Amino acid sequence: MRRIQIIVNNGAGTGQAHKVWNETQRLLRGYKIKYVAHMTKYRGHATKLAEKISSMKGDAPVYLLVVGGDGTINEVLNGITDFDRVRLGVIPTGSGNDFGRNLKLPKTPKESLRQICVCIRKDQRGEELRRIDLGQVSWEGCETPRIFGISAGLGLDALVCKKALTSRLKQVLNRFHLGKLTYLALTVQSLFTMETANAKVITEHGGYILPKMIFAASMNLPAEGGGVPMAPDASPQDGLLSLSSAAGIAKWRTFFLLPLLVAAKQEGIKGFNIREEKGFRLILDKPMVLHADGEYCGDVMRAEFRCLEKKLWLLHE
């Protein structure tokens with residue numbers, strides 16, 4: 001088996017990252033798998049590592065594993081320079097793990113490595129692997145559009161993601177393996193303090209208005225924020241993104257509707273809307289926070305989302 005490249009974030013998630021990596025190393029040795037481990041040392045380092053790894057000379061496939069959470073996976077996706085060569089495997093260690101949960105990837109290092117080894121052998125026999133869509137978001141002033149695997153969005157969910165990046169509450173809850181509750185607590189807090197914006201949405205099939213928009217989330221996968229099903233029917237294999245939005249609703253009413261959103265029962269509720277398109281362009285009348293896979297992009301008035309169809313080869317069944 002060809003040598004595997006592994007990007008490891010030992011500081012990810014619930015504090016269990018170090019234990020997961022130790023177990024992964026033990027399993028790799030037991031399976032006699034040759035590998036090179038690259039440890040992340042600072043924010044954004046995984047992007048640089050992925051760029052270097054995916055740019056290695058030759059035409060042979062690059063087998064790349066990520067030991068980390070959703071933020072590390074996003075950094076890696078934005079560093080890959082040749083998606084046709086790279087085959088990606090994931091061993092999750094984060095607190096949210098929306099990427100793995102949405103795609104029904106294994107939760108343990110043992111089962112993850114079993115799948116990864118099976119898929120590498122299939123690839124080397126010329127059998128086709130699972131291939132999924134990714135999303136891409138650009139905004140005014142950005143030099144390079146940002147790729148996302150889960151979602152990108154404006155408004156409430158983006159504001160919550162921004163706060164979660166530096167939240168002491170998240171650090172405390174992570175110690176008790178309750179990190180995903182951070183998003184719920186911050187959502188309630190942010191809902192009543194945030195400013196809404198009027199938005200115009202433009203698609204290839206026309207446009208529509210989102211008055212007093214609370215959020216607009218462009219979903220490649222069904223759920224974000226620790227498992228909240230913003231677009232329950234979103235699929236990463238249909239060449240489309242699902243724009244889930246809430247607009248024209250009083251904040252107090254939105255608060256009481258949040259349980260329905262969490263339970264994926266938002267369909268048919270006035271003010272909640274899900275539209276599927278290859279891409280969306282949003283124009284706002286005031287700046288709102290923008291995120292991609294939970295990573296803060298900026299406070300913007302214009303953003304464009306588009307689907308990158310069948311972009312990523314996965315080392316998972």
Side-chain angles (χ1 to χ4, degrees), residues 98 135 137-140 148 150-164 183-234 240-292 294 296-307:
D98 283 307
V137 58
S138 57
W139 59 96
E140 77 271 17
F148 58 92
I150 305 162
S151 66
L154 293 153
L156 179 61
D157 63 323
L159 180 59
V160 168
C161 289
K162 180 183 178 181
K163 290 182 177 180
Y183 298 98
L184 179 59
L186 291 176
T187 295
V188 174
Q189 178 204 55
S190 302
L191 175 61
F192 291 103
T193 57
M194 68 172 290
E195 289 190 29
T196 60
N198 297 312
K200 183 177 181 180
V201 183
I202 301 170
T203 77
E204 63 177 5
H205 296 113
Y208 56 97
I209 301 297
L210 295 175
K212 296 182 179 179
M213 186 185 81
I214 295 172
F215 68 78
S218 182
M219 307 296 297
N220 182 50
L221 300 176
E224 65 174 14
V228 180
M230 304 289 279
D233 297 324
L240 302 172
L241 295 173
S242 297
L243 188 70
S244 173
S245 61
I249 313 173
K251 290 181 180 180
W252 66 266
R253 186 167 180 266
T254 305
F255 172 76
F256 288 106
L257 293 174
L258 285 176
L260 296 177
L261 179 64
V262 173
K265 301 293 185 182
Q266 67 267 45
E267 186 176 356
I269 298 175
K270 186 177 180 180
F272 283 83
N273 184 40
I274 300 175
R275 297 278 290 268
E276 295 184 339
E277 296 278 355
K278 292 182 180 179
F280 302 89
R281 183 154 55 96
L282 272 73
I283 303 172
L284 314 180
D285 67 350
K286 66 180 67 172
M288 296 190 91
V289 179
L290 172 69
H291 84 93
Y296 175 65
C297 297
D299 289 56
V300 308
M301 293 181 64
R302 293 172 179 262
E304 185 167 353
F305 310 89
R306 71 184 186 95
C307 182

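Predicted, not measured: the structure shown is a model, and the values here were computed from it.
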inquiry  = More than 12 heavy atoms of other residues, nucleotides or ligands under 6.0 Å from CD of Glu204: yes or no?
reply    = yes
Pair Glu267-Ile274, side-chain contact (heavy atoms from CB on, under 4.5 Å): steps then yes or no = CA-CA 8 Å; Glu267 186 176 356; Ile274 300 175; over 6 Å; no
query = With Gln189, which residues qualify under side-chain hydrogen bond (donor to acceptor under 3.5 Å, both in side chains), at least two apart?
reply = Lys163
Please report the closest heavy-atom contact between [X] and [Y], naming both atoms and the distance.
X: Val300; Y: Leu284; answer: O-CD1, 3.7 Å
X: Asp98; Y: Gly226; answer: OD2-N, 2.8 Å
X: Ala231; Y: Ser242; answer: CB-CB, 3.7 Å
X: Asn273; Y: Arg275; answer: ND2-CG, 3.3 Å
X: Ala264; Y: Pro232; answer: CB-CG, 3.7 Å
X: Leu154; Y: Ala303; answer: CD1-CB, 4.2 Å

ask   = If you draw the axis of the six-membered ring of Phe192, does the NZ or CZ of Lys251 fall within 45° of it and under 6.0 Å from the ring centre?
value =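 Because its charged atom misses either the 6.0 Å distance or the 45° angle limit, Lys251 does not stack over Phe192.
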So does [Y] get a backbone contact from the side chain of [X], meaning a donor-acceptor N/O pair under 3.5 Å?
X: Glu140; Y: Met301; value: yes
X: Asp285; Y: Asn198; value: yes
X: Gln266; Y: Met230; value: yes

Working to the nearest 0.5 angstrom, can you tell me the gap between [X] [atom1] and [Y] [atom2]?
X: Met194; Y: Leu159; atom1: CE; atom2: CG; result: 6.5 Å
X: Phe280; Y: Leu240; atom1: CZ; atom2: CG; result: 8.0 Å
X: Thr196; Y: Leu156; atom1: OG1; atom2: CG; result: 11.5 Å
X: Leu210; Y: Ile283; atom1: CG; atom2: CD1; result: 12.0 Å
X: Ser245; Y: Tyr208; atom1: OG; atom2: OH; result: 5.5 Å

Can I get a per-line list of side-chain donor-acceptor pairs under 3.5 Å for residues 211-220, giving both atom names and the distance, sequence neighbours left out?
residue: Asn220; atom: ND2; partner: Asp133; partner atom: O; Å: 2.9
residue: Asn220; atom: ND2; partner: Gly149; partner atom: O; Å: 2.8

Do [X] and [Y] have side chains that approach each other closer than 4.5 Å (heavy atoms only, starting at C-beta)?
X: Leu241; Y: Cys307; answer: yes
X: Leu260; Y: Phe272; answer: no
X: His291; Y: Lys162; answer: no

task = Take Leu243 and Leu282 through the test side-chain contact (heavy atoms from CB on, under 4.5 Å) and record every step on the way to the result.
result = CA-CA 11 Å; Leu243 188 70; Leu282 272 73; 4.2 Å; yes
